[in-house]
Number of protein chains: 2
Amino acid sequence: MPTETFFNLPEEKRQRIIEAAIDEFSRYSFHKARVTAIADNAGIAKGSFYQYFEDKKDLYKYLMETIAKKKMSYINKDMLLNRDKYGFFQLLREVFLSGIRFAKENPRLVPIGEMLLADKELLHELYGENMDRNNDFFKQLLKYGQEKGEVDPEADLDLLAHMLSVLTYSLVDLVMEDGKIDMDDMEIYDKMLYFVENGIKKR
Amino acid sequence: MPTETFFNLPEEKRQRIIEAAIDEFSRYSFHKARVTAIADNAGIAKGSFYQYFEDKKDLYKYLMETIAKKKMSYINKDMLLNRDKYGFFQLLREVFLSGIRFAKENPRLVPIGEMLLADKELLHELYGENMDRNNDFFKQLLKYGQEKGEVDPEADLDLLAHMLSVLTYSLVDLVMEDGKIDMDDMEIYDKMLYFVENGIKKR
DNA sequence: TATGAATATGACTTCATATTCATATGAATC
DNA sequence: GATTCATATGAATATGAAGTCATATTCATA
């Protein structure tokens, strides 16, 4: 947890620090990221950094929390808007698009997530056992699809959730070129959805 | 490239060095991996290391080349054995299983690949533009499937190849627990294949 | 305006590692 | 036995960051 001092900072300054951190962690993995660079970029002294955070990991954890909240609330907003109005596969499409939209609006967060995912040790340290909140999300969604009779009732939801989450991530990755996302080419999302739909629908 | 000296070394010693390197790089990312640990583990002096390799990256590149060759020849062996004898989806199954089998026989290579995949900068440095030999492999396979009339002729092979390669990797990951692979539970592979088959077959 | 508590600072220390280099060893060749 | 050449060694040096700390500055309030 950041210190009291950090939270007492004027919004603007706190924001500058967060920005600098996002910038550094989006370029470099946790281990390669440099506290010095973050401090420099935020326009604060290195000493101040340690006034605000216990250490590099403290900041990183805080950042991850913030990002996770932001993303979840973003996607849930879209979900709540469309739930019941749509069938399962349309809903899934919304979730895909919502994920892409989030990535497009926050392109720097994508590599941060990817690099964390790759560092099993760090991942475990941060999330311990409940490492798969992302999977849970898809699992709930799939269960809903089964209840509506649209998803194969025989399907292994854990495996499917895993595959969906992996596919979403890879899609974002595919559509990103040098940190920029080209969202206008809808085709690719629908191709993937077509694949997924055929793969899991009830027959 | 390793030096002449390295290649002149007795097979046994060279192997010890490679072993030690695999061991270190499977535990730590390229950047965290320590030359000292490799030298110690191989039972050579640190100075000797620099007799054999220009630097840490030199060894790493060499290792990646070796591994890629090994894996490709492993999978191709299985492919050649079964090509023509099988239909496309059976062949795909063989490739999946072959990949899993390879991972089971060389569990330490899995995290090495994953960590490299996560380090875009390093990845780019090693492979430059042709970053997707893995995708190419699946693309060829899919093309073959289309020719045999088993794969949807409308399918976007680049996208599908990408998805297959991502799914394979994630499957290996899923089936690995603490560096050990439980291969005996065939069910999960067939579930994923069932999903994939429905997703891409010609209708 | 005076005061001290809170905040800010960056030079310095520490530490873990990569890399170099002068020197040793030992086998082959003369 | 002397000379040469390839190989081996680890102490010495370089590097690059994390984290510390004594000191300076700011700011609320008495």
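Convention: sequence-line order gives letters A, B, ...; per-chain numbering from 1. Every heavy atom of this structure was used, including side-chain atoms; hydrogens, water molecules and symmetry mates were not.
For D:dG19, one of the phosphate oxygens OP1 or OP2 lies less than 4.0 angstrom from a side-chain nitrogen or oxygen of A:Tyr50.
A salt bridge between A:Arg16 and A:Glu12 is present, with a side-chain N of the basic residue lying under 4.0 Å from a carboxylate O of the acidic one. Between B:Asp78 and B:Arg101, at least one side-chain N (NZ, or NE/NH1/NH2) sits under 4.0 Å from a carboxylate O, which counts as a salt bridge. Note on A:Arg27 versus B:Glu121: no salt bridge recorded, every NZ/NE/NH1/NH2 to OD/OE distance being 4.0 Å or above. Residues A:Lys201 and A:Asp152 are not paired through a salt bridge, judged by the lack of any N-O separation under 4.0 Å between the basic side chain and the carboxylate. Contact check on A:Glu187 versus A:Lys191 returns a salt bridge, with a Lys/Arg side-chain nitrogen under 4.0 Å from an Asp/Glu carboxylate oxygen.
C:dG10: Watson-Crick or G-U partner is D:dC21, with both key distances under 3.5 Å. The base-pairing partner of D:dA30, taking Watson-Crick or G-U wobble contacts with both distances under 3.5 Å, is C:dT1.
In this structure, the ring of A:Tyr189 has its center no less than 6.0 angstrom from the ring center of A:Phe96.
Note that B:Arg14 lies outside the cation-pi zone of B:Tyr52, set by a 6.0 Å cut-off to the ring centre and a 45° limit from the axis. Seen from the ring of A:Tyr169, A:Lys71 counts as a face-on cation partner, given the 6.0 Å and 45° thresholds.
The only member of B:Asp190, B:Val196, B:Asn198 that meets side-chain contact (heavy atoms from CB on, under 4.5 Å) when paired with B:Tyr194 is B:Asn198.
Rounding to the nearest 0.5 Å gives a distance of 5.0 Å between CG of B:Leu116 and CG of B:Leu123.
Contacts between residues 14-41 of chain B and DNA chain C, defined by a heavy-atom separation under 4.0 Å, are made by B:Ala33, B:Arg34, B:Val35, B:Thr36. The stretch residues 54-64 of chain A touches DNA chain D through A:Asp55, A:Lys56, each having a heavy atom within less than 4.0 Å of the strand.
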Q) What string of B, S and - do you get for nucleotides 4-15 of chain D, 5' to 3', if B is base contact, S is sugar-phosphate-only contact and - is no contact with any protein heavy atom under 4.0 Å? A) ---SBBB-----
